[in-house]
Amino acid sequence: MKILVIHTWGMGDMIMFTPVLKAIKTKHPDAWVDFLITQKAAMLPLENAPECGTIHTAPNRKFSLLLKALQLRSVKYDISIVTSGVTPEKGSLFSRLVGAKRRVGEYRKCRMKNYTDQVQYDPAQHRTIGNQKLAESVLGKLELGKPFFMVEPSDYGFADRMIQDNGWTGKTLFAIHAGSNKENDFRRWHAEYFVEFVKIMKKRLPEHVPYVISGPDEMDVSKRICRETDIPLVSGIKLSQVAALLSRTQYLLNSDSGMGHIASCFGTRIYTIFGPANARVTGPFTGNKLIIELEPAPACKPCLSLKERTCNRECLLHLKPQMVLDAVLEDIKIKELN
């Protein structure tokens, strides 16, 4: 059985699909599961994963997708699955052009003629559950496990050497990630709030070792946090090495970003600050998390789908450092007492 998963979202959403991928391969071990992705970062969790077949890439533009669909048509897929949340018109047309025998996807107001099997989109449903329902519509009941991010032994070795070189061996590590990428910087908690949080945290949790993880998009913010709080910066390493380091880290505080999804693949306790987005839909798919958001929520939340915003991000502006710290400290106290 040949399956093509069509995924136009980013890395975090791909991690949210991995429990479904693993469940498919557990129930149908002989299935060959390929992927078509439009954001190259989305392939990183799957690279070298035994559950994954061939990863095809194409820019998220009509002509490029048309050419790719015609190329993939020759593979003669038995099933194509357009992942949850993708625009139905785009997903159903591409699925039809690929020519799979059974074409699975979501519809919103009206059912889509290009799908042979379809599930109504639920905007309040977690993305992983949406993907589970899509796969189950053609493959039967699936039992979900935890997400995964493929990490090589050499990546774990790199993380262990970094911990040793920094004198962190045997210590409780607390990672900070200001994220997310520049396109989604409206999701970020304010830089000065991170600075204040870390300053107070160092006094209240002196036995914990904080450090900042940063990619290129949030480097200015990350450097400011490190400069004003005198804590280490981890940057310029592969994402698989970041994943390995998180697997050795006890706690992570992050703005709504893919870093929380990476941490969900391991034993890290995750504190994710949510502003404009809906945590019930795109929060890390794990029970080992604490979502921190302003309560009561502003009437305009969630507003992730808006192209323009006229607000001052009150959902994040009014979520003060002491409020976040109180939630984190209470959670750590309960966790470490147990």
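- Here CD of E196 is found 12.5 Å from CD1 of I225. Values are rounded to the nearest 0.5 Å.
- Note that CG of L245 and CD1 of I262 are 11.0 Å apart. Values are rounded to the nearest 0.5 Å.
- In this structure, CG in L93 is found 9.0 Å from NZ in K62, a value given to the nearest 0.5 Å.
- Judged purely by distance below 3.5 Å, without hydrogens or angles, the side chains of D155 and S240 pair a donor atom with an acceptor atom.
- R280 CZ: 12 or fewer foreign heavy atoms inside a 6.0 Å radius.
- Of all the heavy atoms in M323 and H318, the pair that sits closest is SD-O, 3.5 Å.
- The backbone N or O of T38 lies less than 3.5 Å from no partner atom in the side chain of W9, so there is not a single donor-acceptor pair.
- Residues L4 and L72 form a side-chain contact, since some pair of their non-hydrogen atoms from C-beta on lies under 4.5 Å apart.
- To the nearest 0.5 Å, atoms NZ (K68) and CZ (R73) are separated by 15.5 Å.
- Side-chain atoms of K289 come within 3.5 Å of backbone atoms of T286 as a donor-acceptor pair (strictly under, hydrogens ignored).
- A distance below 6.0 Å separates the ring centres of W168 and Y211.
- Below 30°, between 30° and 60°, or above 60°: for Y193 and W189 the angle between ring planes is above 60°, a perpendicular geometry.
- Of the charged side-chain nitrogens involved, none lies within less than 4.0 Å of a carboxylate oxygen, so that E207 and K171 do not count as a salt-bridged pair.
- Here the closest non-hydrogen pair linking S84 and L134 is N-CD1, 3.7 Å.
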For residues 157-166, please give each side-chain donor-acceptor pair under 3.5 Å, one per line with the distance, not counting sequence neighbours.
| unit_1 | atom_1 | unit_2 | atom_2 | d |
| --- | --- | --- | --- | --- |
| D160 | OD1 | R248 | NE | 2.9 |
| D160 | OD2 | R248 | NH2 | 3.3 |
| R161 | NH1 | G157 | O | 3.4 |
| N166 | ND2 | M162 | O | 2.8 |

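- A donor and an acceptor atom, one from each side chain of S214 and S222, are located under 3.5 Å apart.
- Counted by atom type alone, H177 and S257 present one or more donor-acceptor pairs between their side chains at under 3.5 Å.
- For the residue pair S80 and S95, a side-chain donor N or O sits within less than 3.5 Å of a side-chain acceptor on the partner.
- Side-chain atoms of M259 and I213, non-hydrogen and from C-beta on, do get closer than 4.5 Å to each other.
- Distance alone, capped at 3.5 Å, places no donor-acceptor pair between the K25 side chain and the V33 backbone.
- Y271 and D331 form a side-chain donor-acceptor contact under 3.5 Å, judged by distance and modelled atom types alone.
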*After noting the C-alpha distance and the side-chain angles of I273 and L253, does the key distance pass the side-chain contact (heavy atoms from CB on, under 4.5 Å) rule?*
CA-CA 8 Å; I273 297 169; L253 173 70; 3.9 Å; yes
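- In summary, the side chains of N254 and T272 do present a donor paired with an acceptor at a separation below 3.5 Å, with no hydrogens or angles considered.
- Nearest heavy-atom pair across M201 and P210 is CE-CB, 4.0 Å.
- Ring centroids of H126 and F285 are separated by less than 6.0 Å, placing the two rings close together.
- Between V209 and F174, the closest side-chain pair of non-hydrogen atoms is not below 4.5 Å.
- Cluster partners of V281 are absent, since no Ile, Leu, Val, Met, Phe, Trp or Tyr has side-chain heavy atoms less than 4.5 Å from it.
- No side-chain N or O of T172 forms a donor-acceptor pair with one of H208 less than 3.5 Å apart.
- A donor-acceptor distance shorter than 3.5 angstrom exists from the side chain of R313 to the backbone of R188, with no hydrogens or angles considered.
- Other residues, nucleotides and ligands place no more than 12 heavy atoms under 6.0 Å from the NZ atom of K101.
- The 12-atom threshold is not exceeded at NZ of K223, counting heavy atoms of other residues, nucleotides or ligands nearer than 6.0 Å.
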Using residues 142-151 as the side-chain source, report each donor-acceptor pair under 3.5 Å to any protein atom, sequence neighbours left out, with the distance given to one decimal.
| unit_1 | atom_1 | unit_2 | atom_2 | d |
| --- | --- | --- | --- | --- |
| K146 | NZ | C265 | O | 3.2 |

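- Y121 carries R108 over the face of its six-membered ring, with the cationic atom under 6.0 Å from the centre and within 45° of the normal.
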